[in-house]
Student: 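Have a look at the structure that comes next, please.
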Amino acid sequence: MMKSNELEKDQLYKLRHSAAHVMAQAVQELYPEAKLGIGPPIDTGFYYDFDLGQGEDGKPRTFTPEDLEAIEKRMRQIIGGKHTFNYREVSADEARELFKDQPYKLELIDGLVQGGIDEYGNETDETPVISTYRHDAFEDLCRGPHVEATNKITGNAFKLMNVAGAYWRGDENNPMLQRIYGTAWRNKKELKQHLKMLEEAKKRDHRKLGKELDIFVFDEEIGPGLPLWLPRGGIIIEELEKLAKEMEQKRGYERVRSPHLSKEDLFLRSGHLPYYAESMYPPMEMEGVRYYIKPMNCPFHHKIFGARPRSYRDLPLRLGEYGTCYRYEKSGELFGLMRVRSMQMNDAHIYCSEAQFEQEFMAVIDLYFDYFRIFDIDKYMMRFSAHHKNGLGKKYVDNERLWLQTEGLVRRAMDNGGVSYVEVPDEAAFYGPKIDVQVWSAIGREFTLATNQVDFAQPESFELAFINSDGQEERPLCIHRAPLSTHERMVGFLLEHYAGKFPVWLSPDQARIIPITEAHNEYTLQLERRLKEAGIRTKADLGTDRMNAKIRQAQLMQIPYMLVIGDREVENNTVSLRRRDNTRQNDLPVEEFIATVQDRIATRSGEL
RNA sequence: GCCUACGUAGCUCAGGAGGUAGAGCAACGCCUUGGUAAGGCGUAGGUCGGCGGUUCAAAUCCGCCCGUAGGCUCCA
C-alpha cells in the first residue's frame with residue numbers, strides 16, 4: 001500500500017502530465033505546423049517540446065513570452081471543457097497512421113517497436129505496448145497515467161514559466177526543439193507558495209549574497225568565469241585552506257606545488273588531450289614548443305611520484321596541493337561561482353597498492369564526514385559514478401576489464417563501510433569510477449561538491465611503479481580526491497548554505513566596535529587593538545553615522561558580534577554585546593568576550 | 001556552443017511610442033553627541049553595455065558584438 005505522501009505525489013504527477021497534454025493541444029491549435037516532441041511531468045510541473053518549423057526568414061521558428069500568454073489562455077478554455085482522458089492500445093501500424101505527420105512521434109514508435117528504447121532514448125527492458133491518451137480532439141502517444149478529465153487540472157493553479165531550447169533526445173547533434181516549462185499544483189494556494197519559494201531562493205543565491213557581502217566580483221574586461229576575490233572573500237578562502245592543511249596534515253598528507261602550465265607532451269601522456277581537449281584552453285607556442293595551461297593537477301603529481309624510485313614502504317603516498325586550474329567551460333555553462341573557468345582545487349593524489357586501496361578510499365570518505373560535521377551539511381547525496389560501455393574508447397579509457405574491476409573495488413569499499421550511495425552509470429571520469437558528493441544550489445540546481453576518484457589508467461600511462469616487499473615492480477593505484485571541492489564552488493555553496501551567515505571562524509569580519517559618541521573613540525581604538533591581538537578580525541567604526549545606522553550596516557553584513565561602547569563600558573572595561581541574531585549581553589568583561597570568541601574560532605563552532 | 005529574455009550612476013530600480021536622463025541607498029561636505037536595524041541639509045556622480053547603420057537628431061529604431069539570467073548540452 002502506498003503511503004499517503006506518495007499517493008499525493010502520484011496524483012500531482014498525473015495532474016502535471018495531463019497539463020502537458022493540454023498545453024500540447026493548445027500549441028497545436030495555435031500553431032498547426034508544430035511537431036510534437038515529448039512532454040513529461042517534472043519536479044514542480046511539466047514541459048513539452050515542440051518543433052515549430054521554419055519562419056519566413058528560413059530560421060527555426062521560436063516562441064516568445066507573448067506566445068505563452070496566448071497558449072495559457074487557450075489551456076484554461078480546454079480545461080474548462082471538462083474533457084475526459086481516454087486510454088487505448090494501438091498496433092504499430094495504427095500508431096504510425098495516427099502520427100503520420102509527426103516525425104518525432106514516429107521515431108518514438110520505432111523505438112517502442114524495436115523494443116528496448118523508451119521515450120527519452122534510454123534503454124529499457126519493458127515489453128513494448130503502444131498506447132495513446134485522447135482528450136477533446138487531441139490524441140498523444142503516451143503510456144500515462146492521467147487524471148480522469150481536464151477539469152481536474154485547476155485553471156488558476158498552473159503557470160507557463162519560460163521557453164528554452166532543448167535538443168531532441170538531449171543530444172546536441174539533434175535539432176533543437178522549443179521547450180515550454182510550466183508549473184502546476186493542486187490549487188492556487190500551492191502555486192502561490194511555490195512562486196514565493198522561488199522568490200525566497202533568489203535571496204540566498206550566492207551571486208546576490210556575494211555582491212551584497214563583498215565576497216567576489218566578475219569584471220567584463222577580465223572575462224566570464226574568471227572571478228576576482230575581494231578581501232572579504234579572500235579571508236574565507238584563507239580559512240578554508242587553513243582547515244584543509246590541518247586536516248590533511250593529521251592524516252598523513254604531504255604538500256607539493258606544481259606549475260600552472262606544461263608542455264603538450266605531459267597532457268598527451270596523461271590522456272587529457274585525447275579525452276578532454278574540448279575543455280582545455282588552446283595551446284600557446286614558444287620556440288616551436290606547445291604549452292597548455294593545466295585543467296587538472298594530477299599529471300604533475302604523477303611526475304612527483306615518479307621523480308624517484310618508490311618502495312612499498314613509501315606507500316600510501318599522499319600528495320596534496322591547492323592547485324590552480326583552468327578549464328574552458330562553454331559560455332552557456334558558466335554559473336556564478338559554481339561553474340567557473342579558473343579554479344583552485346582542494347586536490348590530492350593518493351598512491352597506494354591494491355591491498356591498501358579500500359582503507360585509503362574509505363579514509364577519504366571519512367574525511368568527507370568530518371567536513372560535513374564542521375559545516376553542518378546534512379542535505380547531500382553520495383553518487384557512485386560508473387562508466388558506460390558505449391563510451392569506451394570515447395569518453396572513457398578503453399579497458400572494460402579494469403573498469404569492472406575498479407568499480408568492484410569501490411562498490412565493495414562503500415558497502416563494507418556501510419555508506420549509502422546511488423549508483424549512476426555513464427558519469428565516471430575518463431580514467432576511472434568515482435564517488436561524488438551531490439548538493440543543490442539555492443535555486444535547486446544539482447552540483448558535485450566533493451569527489452573521490454579511482455584512477456587505474458594514468459599510473460599505467462606514466463609507468464608509475466613501486467618495489468613491493470618481494471622485490472618486484474608493482475603498479476600503484478591512484479586516488480584523486482577533492483573533499484573541499486574548489487574554492488570557487490565551496491564558497492558559492494557555503495554562501496547559500498549559510499545564507500551569508502557564516503560561522504564565526506569563517507566570517508570575514510568577526511567583530512565590529514561601535515562607539516556611541518566621539519568621546520568613546522579612544523576606548524574603541526584600544527579595544528580594537530586588543531581584539532586584533534587576540535586573533536579576532538575586528539573593525540572599529542569611527543564614521544560620522546549615528547550608532548543606529550552603524551548597527552544596521554553591521555547587521556546587513558552579517559557580522560557576528562557588534563560591540564556597543566558608551567560611558568558604562570569605558571568606565572567598567574566591559575563591552576555591550578549584540579550578536580547578529582539580536583541576542584544581547586550587557587556589561588560583559590572584555591576578557592570574557594575574548595575568551596569566548598577565541599574558543600568559538602579554535603573549535604570552529606557553529607554557535608554564536 | 002544552442003534557444004529565450006535582459007543590460008540606464010558603485011548598488012537597487014524609475015523613465016523614455018527619436019529632441020543628449022531621474023529616485024532611493026552608498027560616496028563626499030556641513031549640521032546633529034545620539035544606548036542596540038537608516039537623524040537632517042547639501043554636493044558630486046551617467047557619451048543609458050560596446051561598435052556600426054537609418055535619421056536633421058538615437059539611450060529610444062535596425063544589425064553585429066560583449067556580458068548576465070533561465071533552460072539544453074557539458075561538468076569539480
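Since the structure is predicted, the reported quantities are computational estimates derived from the model, not experimental observations. Proteins come first, then strands; the chains are lettered A, B, ... in the order of their sequence lines, and each starts at number 1.
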Student: Looking at Phe50(A) versus Tyr48(A), is the centre-to-centre ring distance below 6.0 Å?
Tutor: yes
Student: Base, sugar-phosphate, or nothing for Val340(A), non-hydrogen atoms under 4.0 angstrom?
Tutor: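 Base contact.
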Student: What does Asp347(A) touch in the nucleic acid at a heavy-atom separation under 4.0 angstrom: a base, only the sugar-phosphate, or nothing?
Tutor: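 Asp347(A): no heavy atom of the nucleic acid under 4.0 Å.
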Student: What is the ring orientation for Tyr326(A) with His260(A), classed by angle as parallel under 30°, tilted 30 to 60°, or perpendicular over 60°?
Tutor: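 Aromatic pair Tyr326(A)/His260(A) classed tilted.
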Student: Taking only side-chain N and O atoms of Tyr181(A), does any of them lie within less than 4.0 angstrom of OP1 or OP2 on C72(B)?
Tutor: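 Yes, because at least one side-chain N or O of Tyr181(A) sits under 4.0 Å from OP1 or OP2 of C72(B).
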Student: Just to confirm, is there a sub-4.0 Å distance from OP1 or OP2 of G34(B) to any side-chain nitrogen or oxygen of Thr517(A)?
Tutor: no
Student: Select base, sugar-phosphate, or nothing to describe what Leu449(A) touches, counting heavy atoms under 4.0 Å on all strands.
Tutor: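 Answer is sugar-phosphate: Leu449(A) comes under 4.0 Å of backbone atoms only.
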Student: If we take the P atom in both U47(B) and G42(B), what is their distance in whole Å?
Tutor: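 These two P atoms come out 26 Å apart once rounded.
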Student: For Arg327(A) and C74(B), give me the distance from atom CZ to atom C1', rounded to whole Å.
Tutor: 12 Å
Student: Any side-chain N or O of Arg207(A) less than 4.0 Å from the OP1 or OP2 oxygen of G67(B)?
Tutor: no
Student: Taking the same atom, C1', in U54(B) and in G18(B), what whole-Å distance lies between them?
Tutor: 12 Å
Student: Please classify the nucleic acid contact of Glu333(A) as base, sugar-phosphate, or nothing, using heavy-atom distances under 4.0 Å.
Tutor: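 Base, at least one base atom sits under 4.0 Å.
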Student: So Phe447(A), base contact, sugar-phosphate only, or nothing? Heavy-atom distance under 4.0 Å.
Tutor: nothing
Student: Starting at atom CD of Glu569(A), determine the distance to atom P of G34(B), rounded to an integer number of angstrom.
Tutor: 15 Å
Student: Using the P atom in both, what is the distance from A9(B) to G46(B), to the nearest Å?
Tutor: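 After rounding to an integer number of Å, I get 11 Å for this pair.
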Student: For A37(B) and Arg578(A) - does any side-chain N or O of the residue sit under 4.0 Å from the phosphate oxygens OP1/OP2?
Tutor: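 Answer is yes, contact under 4.0 Å.
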Student: Taking atom P of G70(B) as reference, at what distance in whole Å does atom CG of Leu68(A) sit?
Tutor: 18 Å
Student: Using a strict heavy-atom distance below 4.0 Å, which residues from residues 208-229 of chain A are in contact with RNA chain B?
Tutor: Lys211(A), Glu220(A), Pro224(A)
Student: Between Tyr368(A) and Tyr380(A), is the ring centre distance below 6.0 Å?
Tutor: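 No, ring centres 6.0 Å or more apart.
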Student: Look at all strands and tell whether Lys434(A) reaches a base, only sugar-phosphate, or nothing, counting heavy atoms closer than 4.0 Å.
Tutor: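 Touches sugar-phosphate only.
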Student: Please work out if Asp567(A) contacts a base, only the sugar-phosphate, or nothing of the nucleic acid, heavy-atom cut-off 4.0 Å.
Tutor: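 Here Asp567(A) touches the bases of the nucleic acid.
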Student: Do the charged groups of Asp581(A) and Arg579(A) touch, with an N to O distance under 4.0 Å?
Tutor: no
Student: Testing Tyr396(A), Trp403(A), Phe430(A) one by one against Phe456(A) for a ring pair (Phe, Tyr, Trp, His ring centres under 6.0 Å), which residue passes?
Tutor: Trp403(A)
Student: Do the side chains of Glu107(A) and Arg169(A) get close enough for a salt bridge, i.e. N-O under 4.0 angstrom?
Tutor: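 Here Glu107(A) pairs with Arg169(A) in a salt bridge, since their nearest N and O are under 4.0 Å apart.
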Student: Base, sugar-phosphate, or nothing for Ser331(A), non-hydrogen atoms under 4.0 angstrom?
Tutor: base
Student: Say we look at C61(B) and G7(B): how far apart would their P atoms be, to the nearest angstrom?
Tutor: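 Their P atoms lie roughly 11 Å apart.
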Student: When the P atoms of A17(B) and G22(B) are compared, how many Å lie between them, rounded to an integer?
Tutor: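 Taking atom P in both G22(B) and A17(B), they lie 16 Å apart.
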Student: Hey, where does RNA chain B pair up into stems, meaning at least three consecutive Watson-Crick or G-U pairs with distances under 3.5 Å?
Tutor: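 Expected stems, ordered by start: B:1-7 with B:66-72, B:10-13 with B:22-25, B:27-31 with B:39-43, B:49-53 with B:61-65.
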Student: In whole Å, what is the span from the CZ atom of Arg568(A) to the C1' atom of G35(B)?
Tutor: 7 Å
Student: Check Arg568(A) with Glu571(A), please: is the shortest side-chain N to carboxylate O separation under 4.0 Å?
Tutor: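 Arg568(A) and Glu571(A): not salt-bridged.
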Student: Using side-chain contact (heavy atoms from CB on, under 4.5 Å), reason through Phe361(A) and Arg481(A) one step at a time and then give a plain yes or no.
Tutor: CA-CA 9 Å; Phe361(A) 193 81; Arg481(A) 40 111 283 176; over 6 Å; no
Student: Looking at His272(A) versus Tyr292(A), is the centre-to-centre ring distance below 6.0 Å?
Tutor: no
Student: Ala164(A) has a side chain; which of A76(B), G70(B), G35(B) sits nearest to it?
Tutor: G70(B)
Student: Below 4.0 angstrom, N of the basic side chain to O of the carboxylate: do Asp426(A) and Lys395(A) qualify?
Tutor: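 So Asp426(A) pairs with Lys395(A) through a salt bridge.
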Student: Of all of residues 270-278 of chain A, which get a heavy atom below 4.0 angstrom from RNA chain B, listed by number?
Tutor: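 Here the set is empty: none.
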Student: Please figure out whether Met338(A) or Gln555(A) has its closest RNA chain B nucleotide nearer the 5' end.
Tutor: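 The residue mapped nearer the 5' terminus is Gln555(A).
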Student: From C-beta outward on Met343(A), which listed nucleotide comes closest to its side chain: C2(B), G39(B), A76(B)?
Tutor: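 From the listed options, A76(B) comes nearest.
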Student: Between the base of G1(B) and the side chain of Tyr328(A), is there any donor-acceptor pair under 3.5 Å?
Tutor: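 Absent.
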Student: Side chain of Arg546(A) only, heavy atoms from C-beta on: which candidate in C3(B), G1(B), G39(B) is closest?
Tutor: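 Of the candidates, G39(B) comes closest.
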Student: Atom CD1 of Ile516(A) to atom C1' of A37(B): distance rounded to whole Å?
Tutor: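 After rounding, the reported distance stands at 15 Å.
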Student: Parallel, tilted or perpendicular: which one describes the rings of Phe158(A) and Phe46(A), with boundaries at 30° and 60°?
Tutor: tilted
Student: In whole Å, what is the span from the CZ atom of Phe50(A) to the C1' atom of G71(B)?
Tutor: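 Taking CZ of Phe50(A) and C1' of G71(B), I get 15 Å after rounding.
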Student: Describe the nucleic acid contact of Ser485(A) in one word from base, sugar-phosphate, nothing, applying a heavy-atom distance below 4.0 Å.
Tutor: sugar-phosphate
Student: Take Val564(A) and Thr64(A), find for each the nucleotide of RNA chain B with the closest heavy atom, and name the residue whose nucleotide sits nearer the 5' end.
Tutor: Thr64(A)
Student: Does any N or O donor sit under 3.5 Å from an N or O acceptor when you compare the side chain of Glu329(A) with the base of A76(B)?
Tutor: yes
Student: With heavy atoms under 4.0 Å as the rule, sort Ala549(A) into base, sugar-phosphate or nothing.
Tutor: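 Here Ala549(A) touches the backbone only, sparing every base.
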Student: Can a salt bridge be assigned to the pair Lys330(A) and Glu172(A) using a cut-off of 4.0 Å between side-chain N and carboxylate O?
Tutor: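 Judged by the 4.0 Å cut-off on N to carboxylate O distance, Lys330(A) and Glu172(A) do form a salt bridge.
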Student: Phe447(A) pairs by ring pair (Phe, Tyr, Trp, His ring centres under 6.0 Å) with which of Trp440(A), Phe335(A), Phe493(A)?
Tutor: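 Result: among Trp440(A), Phe335(A), Phe493(A), Phe335(A) is the only option passing the ring pair (Phe, Tyr, Trp, His ring centres under 6.0 Å) with Phe447(A).
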Student: Roughly, in whole Å, what's the span from CG in Asn174(A) to P in C3(B)?
Tutor: 16 Å
Student: What contact category does Met345(A) fall into here, base, sugar-phosphate, or nothing, at under 4.0 angstrom with non-hydrogen atoms?
Tutor: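 Result for Met345(A) = nothing.
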Student: Would you tell me if any nitrogen or oxygen in the side chain of Thr451(A) comes within less than 4.0 Å of OP1 or OP2 on A76(B)?
Tutor: no
Student: Does the ring of Tyr328(A) carry Arg341(A) above it, NZ/CZ under 6.0 angstrom from centre and within 45° of its axis?
Tutor: yes
Student: When you get a sec, tell me which of A37(B), U73(B), C3(B) is the closest nucleotide to the side chain of Lys330(A)?
Tutor: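 Per side-chain heavy atoms of Lys330(A), the pick is U73(B).
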Student: Among Arg207(A), Lys202(A), Lys208(A), which residue meets the side-chain hydrogen bond (donor to acceptor under 3.5 Å, both in side chains) test with Asp205(A)?
Tutor: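 Only one of Arg207(A), Lys202(A), Lys208(A) forms a side-chain hydrogen bond (donor to acceptor under 3.5 Å, both in side chains) with Asp205(A), namely Arg207(A).
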Student: With rounding to the closest Å, how many angstrom separate the P atoms on A59(B) and G49(B)?
Tutor: 10 Å
Student: With a 3.5 Å cut-off and just heavy-atom distances, do the side chain of Arg339(A) and the base of C75(B) make a donor-acceptor pair?
Tutor: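 Indeed, a donor on one side and an acceptor on the other fall under 3.5 Å apart.
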Student: Nearest-Å distance, CG (Asn572(A)) to P (G35(B))?
Tutor: 18 Å
